[in-house]
Amino acid sequence: MPAFQTSPGMRDILPPESERWRRFTDIFADTVERAGYGELISPLLEDLGVFTRIGDATDVVTKEMYDFIDKGDRHIALRPEVTASVCRSFAQHRPTTPWKVFYSGPNFRYERPQRGRYRQFEQVGIEVLGVDDPLLDVEVIALAWEFYARLGLRQVNLIINSLGEPDDRARYVEALRAHFDQAGSALSEQSRSTLIRNPLRVLDSKREPDQRFIESAPQIADFHSPEAAEHFESVCAGMSALHIPFEVEPKLVRGLDYYRRTIFEFQGETLNSAQNALGGGGRYDGLVEALGGPSTPGIGFALGVDRTLLACDDEGVFGPEPTELDAFVVDVTGGLHATEITADLRGAGLAADRGYDNRSMKAQMKLANRSGAQFAVIIGDDEVSAGTAVVKPLRTDDEQITIARSDLIAHFSQDTTTGTDSS
Ligand code: AMP
């Protein structure tokens, strides 16, 4: 056992797995950039207050934050999510609206680690500030949907709900509190404690004793003001116009205090129900204001990279695709020729690797075969005196050929563009 290992809930992502993490982010960026979103790169650390503004009714803020006092006596925290940082950034820089941004990167939550739940986990997401139009909600949800489709994921369910206007939500929360209060000690102990802090969150409980009270709980739709109902109808109509399948789930609440109106979640059918949320988001109000900016409507989502990749594994899609080497250069004359040849090949846009330490022909050929390269380029004393190189196919039974060293780049460029084997 080595002296040090990753701390619980933290992981190294090694190649080739790391390749698809980067591709994941690239595809996400491409999807949203084509819809007018620009990348916001914000710090991983913020003043603790940025995150406590999210609300004190959520575990993310109350229990799971990595916070500490820095050397300048500031109370700071590693970000547990990115929406608060985006709103802080908006309040600080006051860009023109609509402000459409995307982000990607790690977040930190001190949770109990398990499959699909880590203490450092990666998210990609978008936020739009300054637009109230329900058709923006449709765009936001549709972009996540398009992204899942580009990954090749099929078994994703979209559920949506509306929390109404802040007043509707407040009346609903009180009705829920009264409803669950009646259940008294029949409610699970955890839910009784959740009830004190945030009655909405009791609806999330998966615990058996709570289920019948959740079934009979009042429904948010009955508390929607006409404006909220109309906004939600427009969202649903927009989703239908785009032929995106969804289900209205009246019990979907997503706990953060600042959510209002549209909220949504993407669930992976193949995942265990406790960790099946691939991503989610919604509209929020008041967060920019709470962070010192003007009153500004906002909407966004965050998608978990780790969990989405687990879903990809389950569906057998979006696997790692390590870069394939065109050539592996085997030089048994000391290595300087390999230095020149790999530099030339890479300069011509080809993928090339080589052996080091002037190892034997046998040892370098073993490396060449293991590298997965299409061809070995072999340089021995005879080739050096004749100004040639041997090109040996590694993936086919074709014969090796000897070509002039000066033709090597042209040979490979032609070979990779036409896709023909040299023989
Ligand atoms: P949230 O910010 O809690 O709405 O989470 C959005 C998405 O991030 C979730 O749907 C998950 O895919 C992912 N996520 C949240 N917390 C974790 C975690 N501890 N480990 C892995 N993924 C997470």
Side-chain angles (χ1 to χ4, degrees), residues 1-2 4-6 11-30 150-152 305 309 312-313 316-423:
M1 190 78 105
F4 293 107
Q5 303 224 342
T6 46
R11 290 152 313 141
D12 296 317
I13 312 294
L14 307 180
E17 172 69 7
S18 49
E19 180 279 330
R20 70 170 175 160
W21 281 61
R22 196 184 59 234
R23 198 155 31 94
F24 186 102
T25 312
D26 288 348
I27 293 176
F28 181 76
D30 182 63
R150 283 184 72 177
L151 295 181
V305 179
L309 289 175
C312 289
D313 289 341
V317 297
F318 199 70
E321 287 173 7
T323 303
E324 286 199 351
L325 290 179
D326 298 301
F328 191 99
V329 184
V330 171
D331 173 1
V332 288
T333 69
L336 191 56
H337 291 285
T339 297
E340 287 168 7
I341 294 170
T342 47
D344 287 348
L345 288 168
R346 292 169 190 165
L350 295 150
D353 199 2
R354 56 166 296 176
Y356 278 106
D357 290 337
N358 201 23
R359 296 173 69 187
S360 69
M361 173 72 88
K362 193 172 162 211
Q364 290 195 49
M365 282 309 293
K366 209 167 154 186
L367 282 179
N369 278 306
R370 209 195 296 155
S371 75
Q374 299 278 0
F375 299 96
V377 174
I378 304 166
I379 305 289
D381 291 331
D382 292 350
E383 285 72 30
V384 172
S385 4
T388 59
V390 171
V391 177
K392 179 180 166 57
L394 296 175
R395 309 253 208 108
T396 65
D397 294 332
D398 294 341
E399 291 293 312
Q400 65 183 41
I401 56 166
T402 301
I403 60 172
R405 184 79 178 262
S406 52
D407 291 343
L408 200 56
I409 300 299
H411 172 80
F412 269 97
S413 302
Q414 177 198 2
D415 187 77
T416 52
T417 51
T418 60
T420 51
D421 284 343
S422 80
S423 54

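Worth knowing before you read on, the calculation uses all heavy atoms, side chains too, and leaves out hydrogens, waters and symmetry mates.
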Measuring from [X]:[atom1] to [Y]:[atom2], what's the distance to the nearest 0.5 Å?
{"X": "Ile13", "Y": "Arg22", "atom1": "CD1", "atom2": "CZ", "answer": "14.0 Å"}
{"X": "His411", "Y": "Ile403", "atom1": "NE2", "atom2": "CD1", "answer": "4.5 Å"}
{"X": "Asn358", "Y": "Leu336", "atom1": "CG", "atom2": "CG", "answer": "11.0 Å"}
{"X": "Lys392", "Y": "Ile401", "atom1": "NZ", "atom2": "CD1", "answer": "12.5 Å"}
{"X": "Thr339", "Y": "Asp344", "atom1": "OG1", "atom2": "CG", "answer": "11.0 Å"}

Nearest atoms (heavy-atom pairs only) where [X] meets [Y]:
{"X": "Ser360", "Y": "Val332", "result": "C-CG1, 4.2 Å"}
{"X": "Pro320", "Y": "Pro16", "result": "CB-O, 3.6 Å"}
{"X": "Ala389", "Y": "Leu408", "result": "CB-CD1, 4.2 Å"}
{"X": "Ala368", "Y": "Leu394", "result": "O-CD1, 3.6 Å"}
{"X": "Thr323", "Y": "Ala351", "result": "CG2-CB, 4.3 Å"}
{"X": "Cys312", "Y": "Phe318", "result": "SG-CB, 3.9 Å"}

Checklist entry - Pairs in or reaching into residues 378-391: which pass side chain to side chain donor-acceptor pair (under 3.5 Å), with residues at least two apart or in two chains? => result none
Side chains of [X] and [Y]: does their closest heavy-atom pair fall under 4.5 Å?
{"X": "Ser371", "Y": "Asp353", "answer": "no"}
{"X": "Leu345", "Y": "Asp326", "answer": "no"}
{"X": "Arg359", "Y": "Lys366", "answer": "no"}
{"X": "His337", "Y": "Val329", "answer": "no"}
{"X": "Val305", "Y": "Phe28", "answer": "no"}
{"X": "Arg405", "Y": "Ile341", "answer": "yes"}

Keeping [X] on the side-chain end and [Y] on the backbone end, is there a donor-acceptor pair under 3.5 Å?
{"X": "Asn369", "Y": "Met365", "value": "yes"}
{"X": "Arg354", "Y": "Gly335", "value": "yes"}
{"X": "Gln364", "Y": "Asp331", "value": "yes"}

Next on the checklist: I'd like to know if Arg20 and Glu17 make a salt bridge, using a cut-off of under 4.0 Å between side-chain N and carboxylate O.
Outcome noted: yes
Checklist entry - side-chain contact (heavy atoms from CB on, under 4.5 Å) between Ile379 and Val384: does it pass, once the steps are laid out? => result CA-CA 7 Å; Ile379 305 289; Val384 172; 3.6 Å; yes
Checklist entry - Would Arg370 count as a cation-pi partner of Phe328, with NZ or CZ less than 6.0 Å from the six-membered ring centre and within 45° of the ring normal? => result no
